Structure formats: C-alpha cells, structure tokens
2 protein chains.
Amino acid sequence: MPDAGMPVVGMVGAGQLARMTQQAAIGLGVDLRVLAGGTGESAARVISDVRVGDYRDLDDLRDFAKGCAVVTFDHEHVPTGHIAALAADGIAVRPGAEALVHAQDKAVMRERLTAVGAPCPPWRRVATEAEVREFGDEHGWPVVLKAIRGGYDGRGVWICDDPAEAAEVLGGGVALMAEAYVPFERELAVLVARSPHGQGVSYPVVETVQRDGICVEVLAPAPGLDPEHAAEAQRVGLKIANELGVTGLLAVEMFQTKTGMLVNELAMRPHNSGHWTIEGARTSQFEQHLRAVLDLPLGSPSMTAPVVVMANVLGGDDPDLFARYEHVMAHDPGVKVHFYGKEVRPGRKIGHVTALGDDLASVRERARHAAVYLSEGIYT
Amino acid sequence: MPDAGMPVVGMVGAGQLARMTQQAAIGLGVDLRVLAGGTGESAARVISDVRVGDYRDLDDLRDFAKGCAVVTFDHEHVPTGHIAALAADGIAVRPGAEALVHAQDKAVMRERLTAVGAPCPPWRRVATEAEVREFGDEHGWPVVLKAIRGGYDGRGVWICDDPAEAAEVLGGGVALMAEAYVPFERELAVLVARSPHGQGVSYPVVETVQRDGICVEVLAPAPGLDPEHAAEAQRVGLKIANELGVTGLLAVEMFQTKTGMLVNELAMRPHNSGHWTIEGARTSQFEQHLRAVLDLPLGSPSMTAPVVVMANVLGGDDPDLFARYEHVMAHDPGVKVHFYGKEVRPGRKIGHVTALGDDLASVRERARHAAVYLSEGIYT
C-alpha cells in the first residue's frame, strides 16, 4: 500500500474511459493502474503505472491484479471465465463476472431483464433463416439481428428488411439474436452507480443522439421528458443494477416509444452518455465509478447547470487538432474541450466538448459549433 | 510533436500544483512533463513524462526543456538567471525571468509595484538594527521583517515587537526588508491570468483565512465585499499582470484595511487561493494556466455556484487518510475531496476539500467539517 492507505485501483483497458478515470483518481489520491495493449494508448500516455499485456490472457490478468485493492474495466471484452478465475483467486473484481456477463452477452441480458420485468423489445436467439423468417412474420419487418457478443458503436447490429438480408448476416458465422425493430421517438440513457454495500444513485435521464450507430450528442436532462417517465427510467436503472448485482456504473440505453420505454443495451463502466457529468454534475461518472468499486459512499449526481450538452468530436481529414483550439476557445470561453490523446483518424471518436447554460437551443448550438469546428475546421 | 499537434508543456517542480495541472492537461490533451526531485513526489506519481533533476542546475533545466513548446513552473525557486539563460537559448519560458523576479524577490516587487502605483504598505531594505529601529520609529511597531528571497507559507516572515527581536532576525544572515505591520480586517486574494497576446481575465476576489501563516480556508466570492472594492482589486490584479508582463497566472494576496486594500504578496503560478476553481469555476486555475502559457484564448472564470469554500487538509497524527474518506463522503455526498499523494506529516498541506452551495454559513461548515475530519478523525 502507498502512503495514507490509498488503494491501487486496476483498470483493464487503456482507452479514453481509463484516461478520464485518471483525472478523477488524481483528485481522490487513489493510484490508478491500467492494463494496456501498448504504451501509446490513450490512458497509458497519462498514467505512471501502466502494465502492458493482453486482457484475453489469464496470466497477464493475474500479474496485473497483484497489489490491486480492486480490479475494474474500461471495456467489456475480458472473457467472463477469466473474471470468475480472478475472483476465485480472492481478487475483488467489480463488476463481477455474474453481473458483467449481462453487458457481454446480449442474449443472457435479454433473458435476465425479461425475468426481472424490465421492459424489452421482443427477441429470440436465431441460428437459421427459417427462425428469422418466423420471428419476422410474428413481429414484423425489418428485423434487427445482433451479434450476441462483441458488438459496439453500431458494429454487430444489422437491420434486415427481408429474409434474404438476414441470410447474408447468418452466413457471417457469429452467434446471433433477433429483435423486433422498435419505431422509437428518441433514445434515452440512464446512468446509475451501485456499490457493494448496495447503495445506489442515479444521474438525471439524458437524451442521446446517434448517427450511424455512434453517439454524437447527449442532452442533459432529456428535454421535455415527463417527470414520471424520468423517474420510471431511473427506477428501472436502479432495479437492474440491484437485480444483476452490478458494482460500479451501469449505463442503460433505452428507446422512448409512443407506448413507453424499452431497454436497448447495458454497459457496466463509464459511458459516453455520461461524459457530460465531468463538468455538468457535482460528481463525475469517473469519480463515481471509483467510489463505487472502492465501496466508498457515492457522490451527489446533481447537475451544476440547468442544461448540459456534450458533443463528440470525431476525427476529420486534417489531424492538426491543436491548431483548431484557438478558434473554438476564442469563440466561446465557456465551452470545455476534451481530447483523448489518440491518433486522429476520420470518423474516430477522438474527444468531446461540453457546454453548460440555461437555454437548450443555445447550449446545444455552442456544443455543436465547437465539435464541428474541431472535427472539420469549418465554421458553421 | 505528438499526434494532433499537441504541445508538450514542461513544468519545473512536481508538487501538488503540477499534480492538479495534470488533471487539466489530460482534459486538454496536452502532454505535461515535470522536472521532479524524485519519482515519489506528488505530481511525479501521476505523470508519465517525469524527468528527475535539479531545478538549480542549468544543464538539468536545458535537458528538461528540450522538446517542450513552453516551460513553466510550480514554484518560484528556479534562479532568475537560469530562466533568462533558457530564454536566451530560444525557449519559451512563461512567466519569463523579468516578470517572475517579482515573485522571487520581495524588494524588487515592492519597488516595481510602488512605481506602477499599486497600493503597498510602507517598506524598505534593511541590513542593520539601526535601520530597522529608524523604520519602526517612523511607521510604528511591530515591524514585519521578511526574507527578500525564498520565504513561503509563513516561513521567512518575522513580526518583531521591538529592536531586540529584530536584531535576532538580522543575525540569521539572510537579506531582509522591513514592512509596516498592517492592522488588516481580513485578507483577500485576486487571481488573474494573462496570455502572451495580452488577453487578461480575473477570477472573483476571494477571502483567504490564514492560521500560522498557512492558508487554511478560502471563501469565494469574498463575503460582503463591496462591488466597487472587488472591481478595484480585479483592476489592480490585471494592471500588475500587464505592467509586469506576466504570462500565466498571477495571484495577488491583499490586506483589506479600514482605509483600503494593500498588496501583500505575488505568486505567478496556480495558487492555493485558487483551488476552489476546480469545481467552483467554469475554467479551473490549472486549465487557465495551461491556456495562458500556451497562448490559447482564456477560459471563462465565472462561478458554478453562488458560494464556494475551499478548506485545506493538514496532516494529523494518524496517516491513514483513506480510512477517513468513508465518513466524509457519507456525511456529505456533495463535498469534493482532494488528496495530493503526499506522505502524511503533522501540519503538512496534504489535500483540500471544496463545498459549493447557496448559503455561506452552511457551505463553510460543510468544508470545515470535512477538512477537520480528514485531518484529525474528529467529528466536530
């Protein structure tokens, strides 16, 4: 143990989520260690205690975990069995394998959510064209096919208009499930935290705006959301966290439809839909995750401004991002710029901006302007 | 240059100011390098690019500066001549030697402030008991003797009731100046930033509460300060920054007296009186310092809550600080805890807490309770 009794938190993965967790760890005085694929990764560039290894290798995970008070994750790709093996070694892994599997395996997630009464779209496991056809005939076309494991940011999701399209996806050889296509009005997300003690808190429900399966904008709180629906979404989030035994953060992505809300996806880590909390909430999601996995009392999720908008910055054609800081900062002294220290490639999430204020239209416009300019260098 | 055109900022010193600057650097995607005395220092524990060396050694400074877009400081102890030598090498050093000398040499500071019309207490350089006696006879006793160079946190300041006490201090062999003892009502501080372009911003004026020469509490904004006096203090801060050619932050510590405000001390770096800005202002002083030394447009200094109180956490007898987090966080989910990753020693500044809200008395009480509990483990 370092001085002052401060624990070492091990985070598997060294992407931007671990990088932003380091900002919170520095504040709390907690030592953050990451397991990186290489020293050039986003979080590895800003953390002293970087271990290079393979998260698919149990020996690497065991070496990494030595001396950590708790092990947690910046992604869901660690094999469930390895997580269970670490726990069997006596290591505190949060979330644990029994919870995390619901963020790794969409079919297990759907089974469990159905069992606990969380609202989901109709779904079934499918392996043949006949099964998809039968599902589509019952629930309508298009049918959404999803890879049961491994998808993210729109990858591993196919919207099939007819059995022929489904057959093509089935030919890809990955385990699939079918879901009814949900004609949603908009997408919402609720972020909750739960500690091993069982304490839970929920952030305000947000609206997420996706483009090509990638989150591009988050509006906090979700504009015009009926307070009863907001409270219901928070109850669903806290209930899922509790029923699944989540420790740490749980992000619940939802569809808002004419007839109510349906759970779309789960993530058990800091989440893109919660980046706004860095400036927009009294406790950022990154600090909250650390507090939860360390079983510390959770922090206040209350907002620091009436309206907060986060816009992702995607890489454009010109990699010289720093040259574009000048305009963005001069144009708006209140906008907050975040860059993840990643190589700039077209379409890649390389950062985000956050704007705060009283009026949704103007706050949203400020965030949009900054994000577009940082991406493209175009004044819009 | 790393990817995306991001510059390397070199900060000489690796204390808590550099440590908290790293949180801001991570956000901006700027690479922070520190010159540390050892790898166990506060900032060295949370930064990848740590160079170990001696800030009094010009060769070490030159090696350190290679590849940095700009060099700045977390303390004022680098010899002025070395800073000038780096600049002569073509290195951007901010603040430069001609500005920084005013934060290093109290006599030079007083001469210059007097010349530019900033309000100061009566003062003179003194070398003999006769000179101190003459000064005291003119301006009254007690007389404040100050080491012209090297003092901080109450060190290097002696309040002498009579010539005999002054004689004892004079015997210590350091260069001294005498100042009239100011019967102040309270202490204020104004923090401003200035960029090489000449852009300046000022944070709201705060009240600082000192105990034994160490800042223990900062109240933002200064309670009950007349708006005209607040504006005047901000004008004085911006004027000093401009007249002295400061680049980066300038903290101006002031005495509020019955007849007006007097400048006490200057610092040209992030400052204890500005720690409240991490959560309490739209742009933290650490981000502001980076923006200023990089000649980026400055960020908004506006407050995120009507009242913000910062209380320093001093080391107590029990080093196990982490064990005391649980009570503090459970007692108040909104209080923000900062620990500097330093060895806990009695009386040492090891961290701070910040509370935000609407009502001064309750916000101040929340910060006080948390700081006392973290220091002493006593519920008060």
Side-chain angles (χ1 to χ4, degrees), chain A residues 2-7 19-20 22-32 39 44-48 50 201 278-279 282-283 287 291 294-302 304-305 319-323 325-326 328-334 336-344 350-351 356, chain B residues 2-7 19-20 22-32 39 44-48 50 201 278-279 282-283 287 291 294 296-302 304-305 319-323 325-334 336-344 350-351 356:
Chain A
D3 309 326
M6 290 293 151
R19 181 183 174 101
M20 289 185 272
Q22 166 73 341
Q23 292 177 289
I26 291 172
L28 292 176
V30 160
D31 290 306
L32 187 64
T39 54
R45 295 178 60 153
V46 298
I47 290 178
S48 304
V50 177
V201 302
I278 296 175
E279 296 90 3
R282 284 285 169 241
T283 310
E287 178 181 339
R291 289 166 77 146
L294 287 166
D295 208 9
L296 287 168
L298 301 177
S300 164
S302 63
T304 63
D320 190 2
L321 185 66
F322 189 70
Y325 273 24
E326 187 154 19
V328 166
M329 293 181 176
H331 186 259
D332 186 346
K336 308 312 298 176
V337 174
H338 296 258
F339 173 56
Y340 304 151
K342 295 162 84 167
E343 198 188 329
V344 177
I350 56 168
L356 306 93
Chain B
D3 308 326
M6 291 293 150
R19 181 183 173 99
M20 290 185 272
Q22 166 73 340
Q23 292 177 288
I26 291 172
L28 292 175
V30 160
D31 290 306
L32 187 64
T39 53
R45 294 177 59 153
V46 298
I47 290 178
S48 305
V50 177
V201 302
I278 296 175
E279 296 91 3
R282 284 284 168 241
T283 309
E287 179 181 338
R291 288 166 76 145
L294 287 166
L296 287 169
L298 301 177
S300 165
S302 62
T304 63
D320 190 2
L321 184 67
F322 189 69
Y325 273 24
E326 186 154 21
H327 164 73
V328 166
M329 293 180 176
H331 183 79
D332 186 346
K336 307 313 298 176
V337 174
H338 296 258
F339 173 57
Y340 304 152
K342 294 162 85 167
E343 197 188 331
V344 177
I350 56 168
L356 306 94

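Fair warning: this is a prediction, and the values are worked out from it, not measured in the lab. To find a chain, count down the sequence lines: A is the first, B the second, and so on, and within it residues start at 1.
Residue with the most contacts toward chain A among B:Met20, B:His327, B:Glu279, B:Lys336: B:Lys336 (heavy-atom pairs, distance under 4.5 Å). For the options A:Leu298, A:Val30, A:Leu356, heavy-atom pairs under 4.5 Å to chain B are most numerous at A:Leu356. Of all the listed residues (A:Pro333, A:Gly341, A:Ser300, A:Gly351), the one sharing the greatest number of non-hydrogen pairs under 4.5 Å with chain B is A:Pro333.
Both the backbone and the side chain of B:Leu28 come within less than 4.5 Å of a heavy atom of chain A. Residue A:Val344 touches chain B through its side chain alone, counting heavy-atom pairs closer than 4.5 Å. Of the atoms belonging to B:Lys342, it is backbone heavy atoms, and not side-chain ones, that fall under 4.5 Å from chain A. Of the atoms belonging to B:Ala330, heavy atoms from both backbone and side chain fall under 4.5 Å from chain A. Heavy atoms closer than 4.5 Å to chain A are found nowhere in B:Ile278, neither backbone nor side chain. In this structure, chain A has a heavy atom under 4.5 Å from the backbone of B:Pro319, while its side chain stays farther away.
Smallest separation of non-hydrogen atoms from B:Leu321 and A:Met6: CD2-CE, 3.8 Å. Considering all non-hydrogen atoms of both residues, A:Phe339 and B:Ala4 come closest at CZ-CB, 3.5 Å. Residues A:Arg19 and B:Gly29 share a closest heavy-atom pair of NH2-CA, 3.5 Å.
Atoms OH and CG, on B:Tyr325 and A:Leu294 in that order, are 10.0 Å from each other to the nearest 0.5 Å. Atom NE2 of B:His338 is separated from atom CD1 of A:Ile26 by 11.5 Å, given to the nearest 0.5 angstrom. Here the straight-line distance linking atom CZ of B:Arg282 with atom OG1 of A:Thr304 works out to 4.5 Å at 0.5 Å rounding. Within the model, atoms CD1 of A:Ile47 and CD of B:Gln22 stand 9.0 Å from one another, a figure rounded to the nearest 0.5 Å. The structure places CD of A:Glu287 at 6.0 Å from CE of B:Met329, a figure rounded to the nearest 0.5 Å.
Of the possible donor and acceptor atoms, one in the side chain of B:Gln23 sits under 3.5 Å from a partner among the backbone N and O of A:Gln23. A donor-acceptor pair is defined here as one N or O able to donate and one able to accept, closer than 3.5 Å; no such pair exists between the side chain of A:Ser48 and the backbone of B:Ser48.
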